[in-house]
Number of protein chains: 2
Amino acid sequence: MKVSREQATKNRAHVVEVAGAQFRKHGFDGIGVADLMQAAGLTHGGFYNNFASKDALAAEAVTQVFAETTERLRQYAQAAADRYAAMVRFYLSPEHRDSVETGCAIAALSQDAARGSPELRAAFEAGIAAYLELIVELAGVTRPRAMAIYATMVGALTLARTVTDPVLSTDILTAATDNLLAAKDS
Amino acid sequence: MKVSREQATKNRAHVVEVAGAQFRKHGFDGIGVADLMQAAGLTHGGFYNNFASKDALAAEAVTQVFAETTERLRQYAQAAADRYAAMVRFYLSPEHRDSVETGCAIAALSQDAARGSPELRAAFEAGIAAYLELIVELAGVTRPRAMAIYATMVGALTLARTVTDPVLSTDILTAATDNLLAAKDS
DNA sequence: ATTATCTATAGATCTATAGATAATGC
DNA sequence: ATTATCTATAGATCTATAGATAATGC
């Protein structure tokens with residue numbers, strides 16, 4: 001049953017990748033180690049050879065998710081004429097709302113993270129800092145303004161995912177988008 | 001061990017009250033029925049005479065929390081000269097940030113709620129609708145603008161609670177407050 | 001020989017229920 | 001007699017570990 005060292009490294013990375021999606025989808029407490037490993041095609045016993053604990057995996061998965069999502073957003077926005085508008089529209093799109101498992105870690109997990117371990121919170125804090133840098137860079141705004149923009153995007157996506165009425169949900173996304181685009185530097 | 005019907009009614013209400021605080025503090029999955037009942041001064045076996053399930057209690061507690069928090073915000077803002085500014089400053093105060101268990105249900109639990117039962121989500125949806133009405137009333141803004149204001153407040157509070165650096169946390173609250181006050185009707 | 005992965009399980013949860021108990025309220 | 005609350009427990013989780021297995025890589 002043993003695999004090559006190279007394959008083992010790939011397996012480990014795959015567990016982190018799967019965990020990033022599963023945690024966002026189900027929440028940190030909504031998915032167990034055994035189910036995570038099964039989703040990655042492994043048995044749960046092997047987990048602790050690769051990770052010190054479920055919490056350590058969570059911190060690692062969150063770091064990975066931030067790296068992926070900020071890079072994706074950067075690529076997308078940099079190709080657009082109006083980078084600020086592209087960023088806002090991308091973040092507040094119905095597609096992002098309907099794709100929790102591949103979307104923003106903050107919008108999916110930050111409330112649980114705030115109750116989490118120092119390690120987990122540190123991973124989020126680093127991700128938030130990088131995200132703010134990205135907004136400053138893409139939108140050409142001040143750091144305080146980037147904070148307000150980020151807050152509006154996170155809050156709107158969170159609200160849009162909480163309500164069940166599709167009209168209200170879309171209205172929230174549209175309202176936040178319109179307000180952000182109308183007042184870029186306010 | 002039996003108590004009067006009157007006392008039983010009080011006990012039930014007390015469980016809902018305690019649950020509202022404990023759920024906000026620990027998350028829906030972070031506190032069990034036995035611990036909730038113990039915090040209310042009862043044993044966990046009696047729980048199911050009063051509630052159909054833990055989820056039913058969650059929906060009831062959330063409804064109660066929204067009623068309390070919106071009423072408190074209304075009272076506070078209506079006594080101020082600038083109701084809009086009072087509302088924003090109240091919501092984005094360090095005191096609110098540091099009082100998860102008595103604060104806004106959305107900022108504490110909405111991400112878990114989005115993964116929850118239809119009953120739970122319905123309780124949140126009604127609370128959100130009432131909150132938007134309150135903002136429209138207090139701030140005298142349009143409904144779309146109320147959505148953007150609410151989104152900014154929820155997102156900023158969520159971010160401020162996620163980071164561990166107290167300076168960054170306060171900066172986020174201040175940035176969101178300043179932006180909202182500078183652009184009330186944008 | 002080393003080690004990546006497996007099976008199996010310990011120990012500690014959790015939700016929900018069954019049945020006993022004892023005070024209320026007809 | 002009714003019923004609010006209690007004790008005790010069933011059954012299903014969950015995290016983490018112990019020890020076995022078998023393929024890699026010296």
Side-chain angles (χ1 to χ4, degrees), chain A residues 1-20 22-62 109 112-113 115-120, chain B residues 1-20 22-62 109 112-113 115-120:
Chain A
M1 294 294 173
K2 190 188 170 188
V3 299
S4 70
R5 189 166 299 182
E6 187 185 18
Q7 184 60 45
T9 304
K10 280 184 189 169
N11 284 351
R12 188 187 193 285
H14 188 228
V15 171
V16 175
E17 188 75 22
V18 166
Q22 296 289 300
F23 281 142
R24 276 178 284 183
K25 186 173 183 182
H26 302 290
F28 289 121
D29 294 337
I31 183 86
V33 170
D35 288 336
L36 274 176
M37 290 297 275
Q38 188 174 24
L42 298 165
T43 58
H44 72 283
F47 179 82
Y48 293 92
N49 291 24
N50 280 306
F51 305 98
S53 63
K54 185 188 181 185
D55 195 68
L57 169 66
E60 200 168 328
V62 164
L109 294 167
D112 283 342
R115 303 184 187 98
S117 69
E119 289 74 20
L120 185 59
Chain B
M1 296 294 174
K2 189 188 170 185
V3 299
S4 70
R5 187 165 301 183
E6 187 184 17
Q7 184 59 46
T9 304
K10 280 184 189 169
N11 284 350
R12 188 187 193 284
H14 188 228
V15 171
V16 174
E17 188 75 22
V18 165
Q22 295 290 301
F23 281 141
R24 276 177 285 182
K25 187 173 181 183
H26 299 110
F28 289 121
D29 294 337
I31 183 86
V33 170
D35 288 336
L36 274 176
M37 290 297 275
Q38 188 174 23
L42 298 165
T43 57
H44 72 281
F47 179 82
Y48 293 92
N49 292 24
N50 280 306
F51 305 97
S53 63
K54 186 188 181 186
D55 194 68
L57 169 65
E60 201 168 328
V62 164
L109 294 166
D112 283 342
R115 303 184 187 98
S117 69
E119 290 74 20
L120 184 59

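What's counted below: heavy atoms across the whole structure, side chains too, no hydrogens, waters or symmetry copies. Naming convention: chains lettered A, B, ... in sequence-line order (proteins, then strands); numbering from 1 in each chain. Note that this is a predicted model, so its numbers are computed, not measured.
Every residue meeting the side-chain hydrogen bond (donor to acceptor under 3.5 Å, both in side chains) condition with A:Q7, not counting sequence neighbours, appears here in chain and number order: A:N11. For A:K25, the salt bridge (Lys or Arg N to Asp or Glu O under 4.0 Å) criterion is met by A:E101, not counting sequence neighbours. Annotation: side-chain hydrogen bond (donor to acceptor under 3.5 Å, both in side chains) contacts of A:N50 (sequence neighbours excluded): none.
Of the listed nucleotides (C:dG25, D:dA4, D:dG25), D:dA4 has the atom at the smallest distance from the side chain of B:A8.
The minimum heavy-atom distance between A:A59 and A:E119, with the atom names listed, is CB-O, 4.0 Å. The nearest pair of heavy atoms linking B:A39 to B:V18 is CB-CG1, 3.7 Å. Looking at every heavy atom in both residues, B:F23 comes nearest to B:K54 through CE2-CE, 4.0 Å.
Residue-level contact check: B:T43 touches the bases, meaning some heavy atom is under 4.0 Å from a base atom.
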Q.
Can you give me the dot-bracket string for DNA chain C, 5' to 3', counting Watson-Crick and G-U wobble pairs with both distances under 3.5 Å, using [ ] for crossing pairs and | for partners on another strand?
A. ||||||||||||||||||||||||..
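Atom CD in A:Q7 sits about 11 Å away from atom C1' in C:dA4, given to the nearest Å. Atoms CZ (A:F51) and P (C:dA4) sit 13 Å apart, rounded to a whole Å. With rounding to whole Å, A:L42 atom CG is found 10 Å from C:dA4 atom C1'. As rounded to whole Å, 6 Å separates atom C1' of D:dA4 from atom NZ of B:K2. Between the P atom of D:dC6 and the CD atom of B:Q38 lies a distance of 11 Å, rounded to the nearest Å. Rounded to a whole Å, the CG atom of A:N11 is 14 Å from the C1' atom of D:dT24.
At least one side-chain heavy atom of B:F51 sits under 4.5 Å from a side-chain heavy atom of B:V15.
Screening residues 27-46 of chain B for side chain to side chain donor-acceptor pair (under 3.5 Å), with sequence neighbours left out, gives no hits.
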Q: Take A:L36 and A:F47, measure what side-chain contact (heavy atoms from CB on, under 4.5 Å) needs, and give me the verdict at the end.
A: CA-CA 9 Å; A:L36 274 176; A:F47 179 82; 5.5 Å; no
Q: List the protein contact pattern of nucleotides 10-19 of chain C with one symbol per nucleotide (5' to 3'): B for base contact, S for sugar-phosphate-only contact, - for none; contact means a heavy-atom distance under 4.0 Å.
A: ----SSBB--
